[in-house]
Amino acid sequence: MLSGQAAAATVREWMSAAASIAVLTGAGISAESGIPTFRGPGGLWRTYRAEDLATPQAFARDPHLTWEWYDWRRAVIATAEPNAGHLALAELERRFHGLTLITQNVDGLHDRAGSRRVLKVHGDLWILRCTACASEWRDLRPSLPHLPPTCDCGGMARPGVVWFGEGLPEETWNSAVTAVRGTELLLVIGTSAVVYPVGGLVQLAQSAGAKVVEINVAETPVSAMVDLAWRASATIALPQLIQSA
Ligand code: APR
């Protein structure tokens, strides 16, 4: 594990030599925007049981309760702003056309920071999907007037996110796998890397010969595997990657 300056210099060097870069983010990159993570101190799964809220069974059992929880998350996220980590990744994308951003986050902060090509492998909190006709629409209102919301067809809407036990959006996931398979450098930022299949992208990158850098404030199950474990917060580390050497 390297100190900040040395780590930044090494990663900048690896980035300048790479023909392609993939970035994988998790809840940790939004933590400094005030959005709770899932498993760290104060994490959502420390307060709520995922199986009571973020599963198809929970939604079928009590759609109103599930929607109350997601409506609360929308309200919290609506007050959050992209932080220096999100903004640095958007700048990196502008400078480096071979960069693919893959996120597990559903908060939309990468888009609001200016990232254009965001592969949202766990869906998008601001998208609603009809459970009857499957149509999807974006609704950016922080709190919805009626819960559960309904579709124009009269069907009940659900959040456009991936719940435990559900498949990932196929096209988006395939694009993420293709990008990781072909990348020369993978930056893994703010994820505990314990949820699959996304957690397997680190091994996939390494088996394809890529260098892997982890930026995290704590150790994770992949820390021992990566080429560089940079123990730093996203808002400290990422801006150093867009500074000139
Ligand atoms: N900078 C960098 N990393 C941070 C920061 C920070 N400021 N704050 C926290 N972290 C790290 C934590 O150390 C932890 O490793 O971010 C990670 C957050 O882990 P989780 O809360 O498990 O979030 P994530 O990895 O995104 O969870 C994956 O699980 O519940 C599902 O669908 C949900 O997409 C989510 C998936």
Side-chain angles (χ1 to χ4, degrees), residues 1 4 7-8 11 23-56 58-59 66 69-70 73-74 76-77 80-89 101-110 113 118-127 158-169 172-173 176 186-202 212-226 228-241:
M1 194 171 73
V11 179
V23 180
L24 171 63
T25 63
I29 196 169
S30 295
E32 291 166 279
S33 293
I35 297 175
T37 61
F38 293 96
R39 295 174 183 82
L44 291 173
W45 299 148
R46 298 282 178 87
T47 316
Y48 305 93
R49 285 167 19 107
E51 50 274 38
D52 292 346
L53 296 162
T55 63
F59 184 68
T66 297
W69 190 65
Y70 278 96
R73 288 188 65 199
R74 287 164 62 100
V76 168
I77 290 166
E81 291 296 327
N83 61 48
H86 297 107
L87 295 168
L89 288 182
L101 174 56
I102 302 157
T103 189
Q104 300 168 91
N105 300 342
V106 298
D107 57 33
L109 289 188
H110 284 304
V118 185
L119 296 176
K120 300 183 181 81
V121 291
H122 284 170
D124 185 336
L125 191 64
W126 302 107
I127 295 285
R158 58 164 283 176
V161 300
V162 177
W163 282 326
F164 289 103
E166 292 187 315
L168 275 56
T172 305
W173 175 242
L186 174 66
L187 307 181
V188 183
I189 305 161
T191 181
S192 58
V194 295
V195 173
Y196 280 71
V198 177
L201 291 177
V202 173
V212 181
V213 176
E214 180 187 50
I215 295 174
N216 200 312
V217 293
E219 188 166 350
T220 72
V222 299
S223 298
M225 296 169 53
V226 298
L228 195 165
W230 186 355
R231 195 68 63 245
S233 76
T235 57
I236 298 293
L238 292 174
Q240 294 183 61
L241 298 185

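Both counts, for ligands and for their atoms, begin at 1 and track the order of listing.
When the options Phe38, Trp45, Tyr196, Trp230 are ranked by their closest heavy atom to atom 21 (O) of ligand 1, first place goes to Phe38. The closest heavy-atom contact to atom 29 (O) of ligand 1, among the options Lys120, His122, Glu219, Arg39, comes from Arg39.
Residue contacts with ligand 1: Val195 is placed with no nitrogen or oxygen under 3.5 Å of a nitrogen or oxygen of the ligand (distance criterion only). Any N or O atom pair closer than 3.5 Å counts here, and Thr220 shares no such pair with ligand 1.
Close approach of ligand 1 to Ala31 is summarised as follows: ligand atoms under 4.0 Å from at least one heavy atom of the residue are 8 (N). Interface atoms of ligand 1 facing Glu32, defined by a heavy-atom separation under 4.0 Å, are 6 (C), 7 (N). For ligand 1, the atoms closer than 4.0 angstrom to any heavy atom of Gly26 are 26 (O). Residue Phe164 has at least one heavy-atom neighbour below 4.0 Å for each of these atoms of ligand 1: 30 (O), 31 (C). Near Thr191, the atoms of ligand 1 lying under 4.0 angstrom from a non-hydrogen atom of the residue are 15 (O), 16 (O), 17 (C), 24 (P), 25 (O). Taking every heavy atom of Ala27 and a limit of under 4.0 angstrom, the matching atoms of ligand 1 come to 23 (O), 24 (P), 26 (O). Those atoms of ligand 1 that come under 4.0 Å of a heavy atom in Gly190, given as number and element, are 3 (N), 16 (O), 17 (C), 18 (C).
The protein non-hydrogen atom at the shortest distance from atom 5 (C) of ligand 1 is Gly28 O, 3.4 Å. Scanning all protein heavy atoms for the shortest distance to atom 1 (N) of ligand 1 gives Ala234 N, 3.0 Å.
Nearest heavy atom pair, residue Ala237 against residue Ile215, reads CB-CG2, 3.7 Å. The minimum heavy-atom distance between Asn105 and Ala27, with the atom names listed, is OD1-N, 2.9 Å. Val212 and Val188 get closest at one heavy-atom pair: CG1-CG2, 3.8 Å.
Listed by first and then second residue, the side chain to side chain donor-acceptor pair (under 3.5 Å) pairs involving residues 35-46 amount to none (not counting sequence neighbours).
With a 4.0 Å cut-off on non-hydrogen atoms, Gln104 touches ligand 1 through its backbone as well as its side chain. Heavy atoms of Asn216 found under 4.0 angstrom from ligand 1 belong to the backbone as well as the side chain.
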side-chain contact (heavy atoms from CB on, under 4.5 Å) between His110 and Ile29, intermediate numbers included: CA-CA 10 Å; His110 284 304; Ile29 196 169; 3.9 Å; yes
Derivation of the side-chain contact (heavy atoms from CB on, under 4.5 Å) call for Leu187 and Val11: CA-CA 9 Å; Leu187 307 181; Val11 179; 4.1 Å; yes
Test log, rule side-chain contact (heavy atoms from CB on, under 4.5 Å), inputs His122 and Leu168: CA-CA 6 Å; His122 284 170; Leu168 275 56; 4.2 Å; yes
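Ile35 is not listed as a side-chain neighbour of Arg73, based on a closest heavy-atom distance of 4.5 Å or more. When side chains are defined from C-beta on, Val194 does not count as touching Phe38, because their heavy atoms never get closer than 4.5 Å.
With 3.5 Å as the limit, one finds a donor-acceptor pair spanning the side chains of Ser30 and Asp107.
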